[in-house]
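Order of the sequence lines sets the chain letters (A, B, ...), proteins ahead of strands, with each chain counted from 1. Atoms considered below: every heavy atom in the structure, side chains included; atoms not considered: hydrogens, waters and symmetry mates.
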Protein chains: 2
Amino acid sequence: MKGKTRAQEICKELGLKLTPQRMAILGYLDGNIAHPSAEDIYSAVSKRFPGMSRATVYNTLASLRDKGKLLELTIDPAKKRYDPDTKPHHHLICLECKRVSDIDRMFDLELPDSLGYDITGNHIEFYGYCPECRSTRT
Amino acid sequence: MKGKTRAQEICKELGLKLTPQRMAILGYLDGNIAHPSAEDIYSAVSKRFPGMSRATVYNTLASLRDKGKLLELTIDPAKKRYDPDTKPHHHLICLECKRVSDIDRMFDLELPDSLGYDITGNHIEFYGYCPECRSTRT
DNA sequence: CCTTTCATTTAGATTCATTCTAAATTGATA
DNA sequence: TATCAATTTAGAATGAATCTAAATGAAAGG
């Protein structure tokens with residue numbers, strides 16, 4: 001009767017089993033622009049699934065990342081952050097509160113001298129202070 | 001008789017004591033374009049200073065980073081990498097062997113809509129495969 | 001040169017993110 | 001419904017990085 005959720009569609013497409021834990025993780029990630037860490041995801045999802053293991057979160061994130069459905073960001077030195085928006089875009093991190101925002105803008109990053117590398121992608125990290133942290137700064 | 005080394009100059013300038021361990025670490029970093037990790041630095045330097053502690057490496061790197069004499073790169077998901085070249089520049093990482101190369105090129109990264117952030121810097125990460133890893137790839 | 005002092009070094013414990021393991025569970029298919 | 005491989009699980013293990021408290025030593029003044 002009811003239509004398929006995005007979570008279900010993604011699992012089908014990737015040939016992954018539709019487990020309740022995966023549905024919950026995918027549901028939490030869908031449209032999430034906060035760039036959560038694995039722990040953030042675990043905290044949020046385990047509220048609904050009290051028995052769930054951290055390993056399940058890590059396993060699921062790894063599958064999604066490997067199949068190109070999730071970006072793993074190394075912008076935060078303390079931990080990996082995840083972005084369900086896999087279209088090429090860039091990020092802005094607040095050096096104070098570590099909030100990460102999207103920069104949906106194209107830049108010309110032509111590299112005439114690529115040192116013999118086969119370049120497959122790029123990512124710009126902008127650093128600064130978010131509106132909230134700016135005002136609280138000494 | 002002999003002139004001051006760069007390591008000595010840097011410590012003087014930063015008001016740090018000239019300890020043999022620091023001299024060795026700074027000596028190892030000076031002109032180093034390999035973007036070593038803390039462990040790389042520890043391995044190299046402890047050959048000459050068998051008794052040295054890892055904590056000394058971390059302490060020294062933190063002082064240098066805090067005083068703007070060293071860049072801490074988050075480009076490698078597994079660990080922090082350090083760059084003694086503090087002039088603004090970008091990096092290229094080999095997804096296979098994790099080698100990091102410098103990109104000494106300027107890009108126009110104007111951001112009209114900075115989402116209310118006070119932007120203090122930026123850094124481009126280029127991803128790809130280095131000449132060696134390219135040829136070994138299946 | 002000697003003394004004092006405070007920065008620095010040290011070994012080791014600790015934290016924290018992440019990965020691994022092996023056994024138990026469960027979705028999907030027949 | 002039975003089967004089987006994928007998945008989940010708890011907890012151990014790993015590895016980078018930080019912290020601790022005590023020992024050491026560089027540097028400044030006498």
Side-chain angles (χ1 to χ4, degrees), chain A residues 4-5 7-26 28 35-46 48-67 70 72-82 98 100, chain B residues 4-5 7-26 28 35-46 48-67 69-82 98 100:
Chain A
K4 245 184 244 141
T5 64
Q8 293 174 320
E9 279 174 15
I10 290 175
C11 280
K12 272 281 169 60
E13 181 190 339
L14 301 182
L16 297 175
K17 288 186 179 172
L18 283 77
T19 69
Q21 295 90 338
R22 279 220 257 257
M23 292 304 99
I25 294 170
L26 279 161
Y28 178 73
H35 309 86
S37 65
E39 188 63 25
D40 292 335
I41 297 167
Y42 172 75
S43 304
V45 173
S46 61
R48 307 207 167 189
F49 282 85
M52 120 165 322
S53 166
R54 249 169 267 264
T56 298
V57 174
Y58 280 103
N59 287 342
T60 301
L61 295 177
S63 316
L64 295 172
R65 183 242 292 136
D66 291 346
K67 309 211 170 186
L70 188 65
E72 193 169 77
L73 307 180
T74 58
I75 194 173
D76 184 339
K79 50 187 177 280
K80 290 175 186 160
R81 307 276 292 253
Y82 293 88
K98 313 305 178 194
V100 174
Chain B
K4 247 186 241 140
T5 64
Q8 293 174 320
E9 279 174 15
I10 291 175
C11 281
K12 273 281 168 59
E13 181 189 340
L14 302 181
L16 297 174
K17 287 187 179 171
L18 283 77
T19 70
Q21 294 89 337
R22 277 220 258 257
M23 293 304 100
I25 294 170
L26 280 161
Y28 178 74
H35 309 85
S37 65
E39 187 62 25
D40 293 334
I41 297 166
Y42 172 75
S43 304
V45 173
S46 61
R48 306 206 168 191
F49 282 85
M52 121 165 323
S53 165
R54 250 169 266 264
T56 299
V57 174
Y58 281 104
N59 288 342
T60 300
L61 295 177
S63 316
L64 294 173
R65 182 240 293 135
D66 291 345
K67 309 209 171 188
K69 287 292 174 189
L70 188 64
L71 293 183
E72 194 169 76
L73 306 180
T74 59
I75 194 173
D76 184 339
K79 50 188 177 280
K80 291 175 185 160
R81 307 275 293 252
Y82 294 88
K98 314 304 177 194
V100 174

Working to the nearest 0.5 Å, report the span between NZ of B:Lys12 and CG of B:Leu18.
-> 6.0 Å
Here the distance between atom C1' of D:dA13 and atom CZ of A:Arg54, to the nearest Å, is 15 Å
Determine whether B:Val45 and B:Val57 make a side-chain contact, defined as any pair of heavy atoms from C-beta on separated by less than 4.5 Å.
-> no
Could you check how far CE of A:Met52 sits from P of D:dA10, rounded to whole Å?
-> 10 Å
On DNA chain C, which is the earliest and which the latest nucleotide, 5' to 3', with an atom closer than 4.0 Å to a heavy atom of chain A?
-> C:dA17 to C:dA28
By nearest nucleotide on DNA chain D, pick out whichever of B:Lys17 and B:Tyr58 is the more 5' one.
-> B:Tyr58
Axis deviation across the helix from C:dC1-D:dG30 to C:dA30-D:dT1, five-pair ends, to the nearest 10° = 30°
B:Tyr42 has an atom OH; how far is it from atom P of D:dG15, in whole Å?
-> 15 Å
Nearest whole angstrom, please: distance from the P of D:dA27 to the CG of B:Leu14.
-> 14 Å
Taking the nucleotide of DNA chain D with the closest heavy atom to each, which residue, B:Lys79 or B:Leu18, is nearer the 5' end?
-> B:Lys79
Checking all strands, does A:Ala62 fall into the base, sugar-phosphate, or nothing category for heavy-atom contacts under 4.0 angstrom?
-> nothing
Look only at the side chain of B:Lys79 and the backbone of B:Ser37, and say whether a donor-acceptor pair between them is shorter than 3.5 Å.
-> no
Minimum heavy-atom distance between B:Ile75 and A:Thr74, given as atom pair plus value | O-OG1, 4.3 Å
Rounded to the nearest Å, what distance is computed from the CZ atom of residue B:Phe49 to the P atom of nucleotide D:dG25?
-> 12 Å
Over all heavy atoms of both residues, which pair between B:Leu14 and B:Lys69 is shortest? Give the atoms and the distance, please.
-> CD1-CG, 3.7 Å
So which heavy atom on B:Ser53 is nearest to which on B:Tyr42, and how close?
-> C-CE1, 3.9 Å
Rounded off to whole Å, could you give me the NZ-to-P distance for the B:Lys98 and D:dA16 pair?
-> 14 Å
Results of salt bridge (Lys or Arg N to Asp or Glu O under 4.0 Å) for A:Arg81 - residues two or more places apart only = A:Asp76
Let me know the distance between CD1 of B:Ile41 and C1' of D:dA17, rounded to the nearest Å.
-> 13 Å
A:Lys12 has an atom NZ; how far is it from atom C1' of D:dA6, in whole Å?
-> 16 Å
Between CG of A:Asp66 and CD of A:Glu72, what distance do you get to the nearest 0.5 Å?
-> 8.5 Å
Taken to the nearest 0.5 Å, the spacing of B:Lys67 NZ from B:Leu16 CG works out to 4.5 Å
Is any side-chain N or O of B:Arg22 closer than 4.0 Å to OP1 or OP2 of D:dA26?
-> no
Is A:Thr19 near enough to D:dA6 that one of its side-chain N or O atoms lies under 4.0 angstrom from OP1 or OP2?
-> no
